[in-house]
Amino acid sequence: MNYKESSLILKEIKKADKILINCHRGPDSDSVGSALALSGVLKNLGKEVAVICPSDLPSDLMFLKGANEVIRVNFTSFDFSEYDLFVILDSSTYSMVTGLKDSDKPGINSVVIDHHISNEKFGNINLIDAKTTSTGELLYKVFEDWKIDFDKFVAESLLTGIIGDTGTFQYQNVGKETLRIAADLIEKGADKDKIVYNLYRNIEFREVKMWGKFIESMMIEDRFVWSAVPLSVYKDFGEYTYAKEDVANLFSPIVKGTEFGIIMIETSENILSVSFRSRTGFDVSKVANEVGGGGHKAAAGARIEGLPFQEAVNKVLTVARKYVQKN
Ligand SMILES: [Mn+2]
């Protein structure tokens, strides 16, 4: 048995007929992959399942089976009363689930399954394992506990989550267990090449040109690099919602002689969206926390609201410089 909560969760699922699963706001590969994997498994158990999300799904994940059935909802008016159970995945806070600053908790039974250390445990049952690389990997272990078989589509969704959250097995938290799980998923029929092609080799030309803007304006300081792009440039290049994540993953943890990188993008008037990526062991979550964000040691983020572009950028840099001095 991997988790003592697994059987409690299965009991709740068996009691329910109609089950909701979420993808979090601005969903990534792990959010969508794990939601579709669980949905496939619950349908095989004879449940009626709906997957809901407060945002549109990124187009590069539409290859996953069931992605076109994910329903975009507005949580301010969503009616939970038709459902018996809400399974919440990959979301450390309820506001990540709804995309709203404040909202009432759903009036139905809920289960939270997540791998973020900062998870607020806001469900009736909470299964949090911060040692797993991804919710995809965590769910694999839950399915193991449930002793169920699953098809190649479920396997492919789980592997998509793992690949997405590990930077294709690059991050330091990837060890033999994650690789063993990935190997088993491939054995069950998950197509690793298809996943890599869709996630990393299917980028709009305009987005690639935008990456160029980030590289062009990148600056190097004592122990880190940073790059910031204002709203006007972001708009010129088509406002790719996921451009910042892509740029952060690709270019901020690679520069020789540095320990981390910061990518900043003004996504709307006076809103600066910030991504931190560590190259060495430097804990970027400390910097992110101090500017009001959060995340993991190696990858973290924040949103600075209500400051003009240059001031917001300076605020982030001031905190980063302070931590560079301290550590
Ligand atoms: Mn995740």
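As the structure lists them, so they are numbered: ligands from 1, and atoms in each ligand from 1.
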Closest to the Mn ion (ligand 1), among the N/O/S atoms of D165, is atom OD2
Cationic N near anionic O, under 4.0 Å, E177 to R180: no
First locate atom CZ of R72, then atom SG of C53, and finally report the distance between them rounded to the nearest 0.5 Å. 8.0 Å
Vertex the Mn ion (ligand 1), rays to OD1 in D90 and OD2 in D30 - rounded to 10°: 90°
Taking the six-membered ring of F63 as reference, does the cationic atom of K194 (NZ for Lys, CZ for Arg) lie under 6.0 Å from its centre and within 45° of its axis? no
Strictly under 2.8 Å, is any N, O or S atom of H115 next to the Mn ion (ligand 1)? yes
Within the 3.5 Å criterion, strictly below it, is a donor on T267 or S273 matched to an acceptor on the partner's side chain? no
